[in-house]
Amino acid sequence: DAGITQSPRHKVTETGTPVTLRCHQTENHRYMYWYRQDPGHGLRLIHYSYGVKDTDKGEVSDGYSVSRSKTEDFLLTLESATSSQTSVYFCATRQGENQPQHFGDGTRLSIL
Amino acid sequence: AQSVTQLGSHVSVSEGALVLLRCNYSSSVPPYLFWYVQYPNQGLQLLLKYTSAATLVKGINGFEAEFKKSETSFHLTKPSAHMSDAAEYFCAVSESGAGNQFYFGTGTSLTVIP
């Protein structure tokens, strides 16, 4: 959807290791978002970006950082992964203020 | 901050029956409203959106939703359920400004009984 590619699609790692998830878009959308999806919680916003090098925190940002050095790429980093960060992570993009968000296919991350 | 409430985390309907999925939001200003569908192991796909034009919005796959300001509701309906409609459905709200954030409901899982 909207040319959004998330990588990797699946990852298993150990507690305490750093993890970086990548979101790449080809639509030149200004806004990009990272969510996590957990049973019973729906989608919760981690961080979002409203332009190159412009980012802000969402409701569950602790333990996560992001970077956006180019319009097309938005990286999510877990500096030291914990088991509570086991989840499915979705990237989304949005062209403008009254436009819908478009989602990638998700990354399933397991932290053992 | 906005809040979005989806009544009923699980809804079951018979094939051919009416589908009604409920969504209520909290907002003091006219919001932008969206419904998304998620099939297993996939991302969210846009079903329909309301952006202050007609209050009855038609979407893909025969779904429609009606914006009722007095009730702060945006319920999703489909006259006749099909087996392929079984999925998770999310209501979302966005306000102008406010960092362009979306606020999602916790989702409703729709089961269609043959």
Side-chain angles (χ1 to χ4, degrees), chain A residues 1-7 9-10 21 23-25 27 29-51 54-61 66 74 87-109, chain B residues 1-10 21 23-25 27 29-53 57 59-60 63 65 67 74 87-109:
Chain A
D1 195 357
I4 302 170
T5 304
Q6 291 186 233
S7 59
R9 292 294 315 280
H10 302 272
L21 307 183
C23 178
H24 178 79
Q25 59 136 334
E27 298 295 317
H29 286 177
R30 176 182 176 186
Y31 302 97
M32 298 186 75
Y33 306 80
W34 276 109
Y35 293 91
R36 58 179 291 174
Q37 184 177 30
D38 305 287
H41 292 278
L43 280 88
R44 292 182 290 176
L45 181 65
I46 305 171
H47 282 279
Y48 64 99
S49 169
Y50 43 94
D54 290 325
T55 64
D56 207 346
K57 296 178 179 180
E59 65 173 309
V60 290
S61 60
V66 290
F74 193 32
S87 186
V88 181
Y89 291 85
F90 286 98
C91 173
T93 72
R94 189 181 193 189
Q95 185 175 26
E97 187 172 275
N98 65 346
Q99 298 301 311
Q101 290 188 353
H102 300 274
F103 285 81
D105 288 332
T107 293
R108 188 171 297 274
L109 178 62
Chain B
Q2 277 275 4
S3 69
V4 181
T5 303
Q6 291 185 240
L7 289 175
S9 58
H10 298 275
L21 304 181
C23 174
N24 289 88
Y25 64 92
S27 176
V29 298
Y32 304 119
L33 297 158
F34 308 85
W35 274 100
Y36 287 84
V37 61
Q38 184 181 33
Y39 298 102
N41 300 314
Q42 294 186 23
L44 278 69
Q45 301 173 29
L46 180 68
L47 268 180
L48 50 80
K49 65 178 182 179
Y50 168 78
T51 56
S52 75
V57 181
I60 62 172
F63 285 93
F67 171 66
F74 190 56
E88 188 91 16
Y89 291 81
F90 292 93
C91 180
V93 176
S94 175
E95 291 179 345
S96 60
N100 277 280
Q101 291 190 37
F102 264 50
Y103 300 90
F104 285 89
T106 53
T108 297
S109 178

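Within every chain, numbering begins at 1; the chains are lettered A, B, ... in the order of the sequence lines, protein sequences first and strands thereafter.
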key: Residue pair B/F102 / A/Q99: nearest heavy atoms and the distance that separates them   = CZ-O, 3.9 Å

remark   = Counting heavy-atom pairs under 4.5 Å with chain B, the top scorer among A/G106, A/P39, A/P100 is A/P100

key: Proximity breakdown for B/E88 and chain A, heavy-atom pairs closer than 4.5 Å   = neither

query = Is A/R108 close to B/N41 at the side-chain level, that is, under 4.5 Å between some pair of heavy atoms?
reply = yes

task = For this output row, return yes or no: ring centroids of B/Y36 and A/F103 closer than 6.0 angstrom.
result = yes

request  = Please flag which part of A/L43 lies under 4.5 Å from any non-hydrogen atom of chain B: side chain, backbone, both or neither.
outcome  = both

Heavy-atom pair of closest approach, residues A/R94 and B/F34 = NH2-CZ, 4.4 Å

inquiry  = I need the residue from B/G107, B/A92, B/G43, B/G105 with the largest number of non-hydrogen atom pairs under 4.5 Å to chain A.
reply    = B/G43

request  = Taking the side chain as every heavy atom from C-beta outward, state whether A/Q37 and B/F104 have any pair of such atoms under 4.5 Å apart.
outcome  = no

